[in-house]
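Notes for the one structure printed next.
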Amino acid sequence: MYDSAAVHDRQLRPLWHVGDKRMLFAGCLGRNALHTHSATVLLAGVYDEFSLRLKDSDWLSCRAAIIRAGTAYEFDARGQPLSVIYVEPDEIGAEGLGSLLRDTSELSGAVVGAFLERRSIRAIYEDSASACWAGEAVTDLVRFAQRQCSRVLDRRIRAALQGMTAGHGAEYEGTSALPPRVSSAAIASELSVSRFQHLFREHVGVSYNRYSAWRRMRTAVAEVVRGTNLTAAAHAAGYYDQPHFSREFHRIFGAPASKSLSNVRS
């Protein structure tokens with residue numbers, strides 16, 4: 001248990017940071033239902049342990065966990081602050097992020113242990129102005145991990161991933177472009193659709209269409225962080241309407257958008 005009760009006992013506004021290759025959430029959470037991400041995820045309790053359960057396994061308590069893309073999981077932070085870092089597949093994989101943990105244990109689809117940089121996560125959560133510098137802090141963490149373990153992607157898959165983000169600025173400064181269809185990506189890769197999809201899943205961990213849905217969701221979250229309301233953010237990301245966006249948010253994050261994206265820091 002962290003001993004700074006003055007901060008620990010008050011709930012600060014949640015923080016979202018959306019960058020080109022990585023995304024961060026830091027805030028108080030309860031139980032998020034079973035869900036699956038299309039990017040590698042690093043969860044770390046800001047002060048306390050949290051409960052984690054992978055699909056078809058028992059609940060366990062841990063300080064931090066790395067969840068591989070495509071792994072179904074749920075967690076319960078019991079109302080305490082949790083940091084969640086999402087890293088894109090052409091940036092770093094689960095093995096690389098493993099260098100940020102110690103005393104690790106391997107699970108099916110996940111690695112649990114103690115987070116070496118918990119102090120930096122506390123600083124991000126506790127500083128009311130951290131929206132200005134959280135992206136730089138997360139970048140430093142990822143770059144440290146990259147130096148410990150390089151990630152090799154098939155050049156065609158790397159190109160396809162880059163094609164999905166074409167038109168997006170380094171910090172998602174305004175675009176509503178949707179990723180290419182899988183058939184277009186396969187043609188650009190000079191592969192059949194079936195071979196391309198097999199190769200994409202092998203390197204990314206999820207299908208092309210599921211990863212495309214993830215990129216769309218990132219765009220919507222970025223719009224909300226910039227101050228756009230949920231309805232306008234949904235349309236900017238290509239959703240039919242706000243209910244469509246809300247259903248997808250719950251499927252991807254295991255929690256309601258109305259709660260997770262309300263009253264965020266800017």
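Start at 1 with the first residue, then count along the sequence. Here the structure is a predicted model, which means the values were calculated and not measured. Atom set for the values below is all heavy atoms of this structure, side chains included, hydrogens, waters and symmetry mates excluded.
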Angle class for the F200/Y208 ring planes (parallel below 30°, perpendicular above 60°, tilted otherwise)?
perpendicular
Is it true that a side-chain atom of [X] and a backbone atom of [Y] form a donor plus acceptor pair closer than 3.5 Å?
X	Y	value
S99	Q148	no
R78	L29	no
S260	A257	no
S130	E126	no
H244	Y240	yes
T139	G135	yes

Quick check: F253 with H37 (ring centres under 6.0 Å apart)?
yes
If you count every heavy atom of other residues, nucleotides or ligands that lies below 6.0 Å from R143 atom CZ, does the total exceed 12?
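Check fails, neighbour count at 12 or below.
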Return yes when atom CD of E136 has more than 12 non-hydrogen atoms of other residues, nucleotides or ligands closer than 6.0 Å, and no otherwise.
no
salt_bridge([X], [Y]) N-O dist < 4.0 Å:
X	Y	answer
R216	E248	no
E190	R156	no
R53	D58	no

By salt bridge (Lys or Arg N to Asp or Glu O under 4.0 Å), which residues pair with E106, not counting sequence neighbours?
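R68.
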Per the salt bridge (Lys or Arg N to Asp or Glu O under 4.0 Å) rule, what does the pair list look like for residues 23-45, sequence neighbours excluded?
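Residue pairs with at least one partner in residues 23-45: R31-E74.
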